[in-house]
Colleague: 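Pasting a structure here, questions to come.
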Amino acid sequence: MVTAALLPWLLSLHGDFVRERSRAGIEGTQALVESLSLTDPVLSTEARYLRHRGLADRFAPFQDQPGLIDLYPSGGVYRPLAPMFESWGPSPPTSWNEAPR
Amino acid sequence: MNGLTRNLSLLSFALASMRRRWLRHLSVGLVYVWTVFLFASVLFLAGSLRNRVRQSLEAAPTLIVQRLELGRHALVDGEDLAKLRGIRGARRSQGRLWGYVFDPFVKVTYTVQVPPADFDPPLKPGETILGEAVARSKKVQEGQNFMTVSAQGGTAFATIREILPASTSLFSADLVLLSEPDFRKLFRLDEGLFTDLTLKVRNPKEIEKVREKIQARLPGFRVVAQKDLARAYDLAFDLKQGYLFFALAGGLFSFFLLVFEKASGLHPQEAREIGVLRGVGWGTADVLRVKAFEALSLSLIASGLGIFLAYLACFGGLAPRFLSLLGGWSELMPAWYPIPEFGALELISLLAFTVLPYFAAVLVPSWRAAASDPDALLRGAA
């Protein structure tokens, strides 16, 4: 009974400790992302559309050569991010827009 | 007897009855612990990864502008950058120089990037800063030399000035930072060409307007907003967590099936016990309360243990091994450690998935037994 009551407390204590210890890491990462203008975490590096998923086209896996299939195991697990964007895709030709101000 | 003492004695009766059939409860308990452990680990790791990426992406450039050619990402030149610089509200607009290089010696792909002009202290030609995983795969240290070759035939040869700390490796593991002349030499890239453009917009209300202006000035370019990127990563991790839950759902169902089967094919001895209790004058409610106390104690112990073990596995040192589940396959796996980031909501939803169905699976058959005739139960006819 006592152990059961102590356990959550101990875990939350450990959580605080880990958070405190990793604060420098979080701030360091933010500073680095800010300074280098980074856009994507390094989760997978096999292909450009897996390394920088945020910047890849939906069809990027098939783009390198006609008829190419998506070769990498990560490609099967990671869905491309592009279709989730609100207004993703190239901007329309100038004539569609009003003249730049 | 008041309510509290009554419930306490029912609880101690339930515990004694659990002790009598300890082997059975132990076997169910172990499966229970394992089930909770699996779900809790996925929840913990996905939550931690999501939080970490979200926090870090807050500092990412507000808008990323890329030129498209034949439907693919293409290089931009200085004129495009100049058009961007005139837009009001856009700050720190700059051309990024980055690319990939396949290292034939260790057979991995690095991301080579040039730090911006305001990088402090500036990177001199002949110097490089490496991500932690690059240094690990190349087996090099600060002060040593680093060399790589690009597909264009250019080479980069530089002294390692610094290795980026492992605590930032979630975003920097595969980075090779080179000075601009070295970068252009490595890729044989002409002066004035950039990979893409980035800019910051300080006022969130202006982002859409700035995006519109960029699209008007640079037709055919793609503009990716940081907020979309962050949201897309959020969704991507939700999706991965969903995949894993889906894969684990079979285990969860079979666990409930096991519990339900065990309880509904109420052991003859157990049915007799319920019959005796009913015979000596216990009400259906009392019998059910004993059963509920049994289920409650087993649930609390098993889920507590499962969550504790998952916590140890995710945040207590075993984490890097588990990470391959939620991270990617990668030679240059970042050596980041997950930070516990979960609240009561996650734990409650986890318990709702495991404890509630367990209660149902235990109580429904017991209620059926308790509601039937004690005489029939004693004869073993129920």
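Naming: A, B, ... by sequence-line order, numbering from 1 per chain.
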Colleague: Against chain A, label B:Ser172 side chain, backbone, both or neither, depending on which of its atoms sit under 4.5 Å from a heavy atom there.
Modeller: both
Colleague: Locate the shortest heavy-atom distance separating B:Arg96 from A:Leu38; write the atom from each residue and the value.
Modeller: NH1-CA, 4.3 Å
Colleague: Are the side chains of A:Arg51 and B:Thr111 in contact, using a 4.5 Å heavy-atom criterion?
Modeller: yes
Colleague: Would you compute the distance between atom CD of A:Glu34 and atom OG of B:Ser56 and round it to the nearest 0.5 angstrom?
Modeller: 12.0 Å
Colleague: With sequence neighbours excluded, tell me which residues meet side chain to side chain contact (heavy atoms under 4.5 Å, CB included) with B:Phe308.
Modeller: A:Leu7, A:Leu11, B:Leu312
Colleague: Enumerate donor-acceptor pairs with a distance under 3.5 Å from any side-chain N or O in residues 57-66 of chain B to protein atoms, sequence neighbours excluded.
Modeller:
{"from": "B:Thr62", "atom 1": "OG1", "to": "B:Val201", "atom 2": "N", "distance (Å)": "2.9"}
{"from": "B:Gln66", "atom 1": "OE1", "to": "B:Arg222", "atom 2": "NH1", "distance (Å)": "2.7"}
{"from": "B:Gln66", "atom 1": "NE2", "to": "B:Asp196", "atom 2": "OD2", "distance (Å)": "3.1"}

Colleague: Considering only heavy atoms, which portion of B:Leu175 lies under 4.5 Å from any heavy atom of chain A: side chain, backbone, both, or neither?
Modeller: side chain
Colleague: Let me know if B:Ile307 has heavy atoms under 4.5 Å from chain A in its side chain, its backbone, both or neither.
Modeller: neither
Colleague: With respect to chain A, which residue among B:Trp98, B:Tyr311, B:Phe119, B:Phe102 yields the maximal number of heavy-atom pairs within a distance under 4.5 Å?
Modeller: B:Tyr311
Colleague: Using non-hydrogen atoms and a 4.5 Å limit, figure out which bit of B:Leu305 sits close to chain A: side chain, backbone, both or neither.
Modeller: neither
Colleague: State, to 0.1 Å, how close B:Phe171 and A:Thr39 come at their nearest heavy-atom pair, and which atoms those are.
Modeller: CE2-C, 4.4 Å
Colleague: Could you tell me which of B:Gln94, B:Gln226, B:Arg92, B:Arg67 has the largest number of non-hydrogen atom pairs under 4.5 Å with chain A?
Modeller: B:Arg92
Colleague: Could you tell me if the side chain of B:Pro115 sits less than 4.5 Å from the side chain of A:Leu36, heavy atoms only?
Modeller: yes
